[in-house]
Amino acid sequence: MNGIIPLYKERGFTSHDCVAKLRHILHTKKVGHSGTLDPSVDGVLPICIGAATKVVPYLMASGKVYKGTVRLGLATTTEDLDGEVIETQPLANPFSLADLEAAAAKLTGTIQQTPPMFSAVKVHGRRLYEYARAGETVERPTRTITVDRFDLADDGEFDVEAGTQTVAFEIACSKGTYVRTLAVDLGRQLGVPAVMSSLTRLSSGGFSLDQTVTLEQVAAAMENEDLASILRPLDYALKDYPQVDLPEKVWHLVQNGVWLSRDEVASSEPIVALRFEDQIKCLYEWHEEKQAYKPLKMFSTK
């Protein structure tokens, strides 16, 4: 049982909950997810089964797309609505779409981001959320992220009584991006507290929301012995790499980890996915000094 399940993670479950449930449904321990989603977030969560767990890093490296809402006028401990309100600043008037777009533009491109205290990032061997729950503070490392787009459809809804403005957004970003922190930073650009009020992951690992299946559908497929209908091959995670079909003679060399000449690989690309019998078996990388391709990642030697 090897492959990738593009799971729809419902709200209320942690990513680990989904892995645990799938281990039970599929009767296998070799299950891993490719990017954590908070319990309050729903959407695409690619799950790797069996040998496909080897491609988790490649799925995680892909960009992601989210849609959600940000609420301007209040802030919480967790940067989303799961936390305690720590600041309110009622808005007298809503921000215009032009103001919102100008603020979002400053958060687009390659930028530095500091992860929230309530996150799984490790500092000195402990998760940041462990420090936060203990009431401790610690210096958080900044990271470089890329926000390809931060789109706002309109100026949202203004709650006169509460003095808040809720605005819908769609964001395309690199791995490691905390969208709730972008929501908070949007408010900071406007000079007001802000919080992410909802979030859905629309795509991840090359899978979109309309390709996902639920835990119930996985269980039904397993019961009907039709799991193949929802399992995607390991190759799916590597589809962006140039692919080369190997003759049997060269495949035997690859099975033993032998470096290959450019003629044997029949490519000039820096990294290639080598196939044998219609399956990607490994990635090879060009080594300039040795003028040869070396093994980068083996997925199967059979």
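When every heavy atom of A183 is checked against every heavy atom of A194, the shortest pair comes out as O-CB, 3.5 Å. What you find for D17 and G12 is that their closest heavy atoms are OD2-O, 4.4 Å. Of all the heavy atoms in S261 and Y293, the pair that sits closest is O-CD1, 4.2 Å. For the pair L152 and A104, the tightest heavy-atom approach, listed with the atom from each and the gap, is CD1-CB, 4.1 Å. Minimum heavy-atom separation, L234 to A52: CD1-CA, 3.9 Å. Of all the heavy atoms in A237 and V55, the pair that sits closest is CB-CG2, 3.7 Å.
For Y236 and F207, the ring centers are positioned less than 6.0 Å apart.
Residue R201 forms a side chain to side chain contact (heavy atoms under 4.5 Å, CB included) with just one option from V44, V65, V179, and that option is V44.
By the 4.0 Å N-to-carboxylate-O rule, R275 lies close enough to D235 to be salt-bridged with it. Between K9 and D42, no side-chain nitrogen of the basic residue sits less than 4.0 Å from a carboxylate oxygen of the acidic one, so the salt-bridge criterion is not met. Taking the charged nitrogens against the carboxylate oxygens, R71 and E157 have no contact shorter than 4.0 Å, which rules out a salt bridge.
Side chains of Y178 and R143 form a contact here, defined as non-hydrogen atoms less than 4.5 Å apart.
Hydrophobic clustering (ILVMFWY, side-chain heavy atoms < 4.5 Å, transitive): Y58 and M60 are in distinct clusters.
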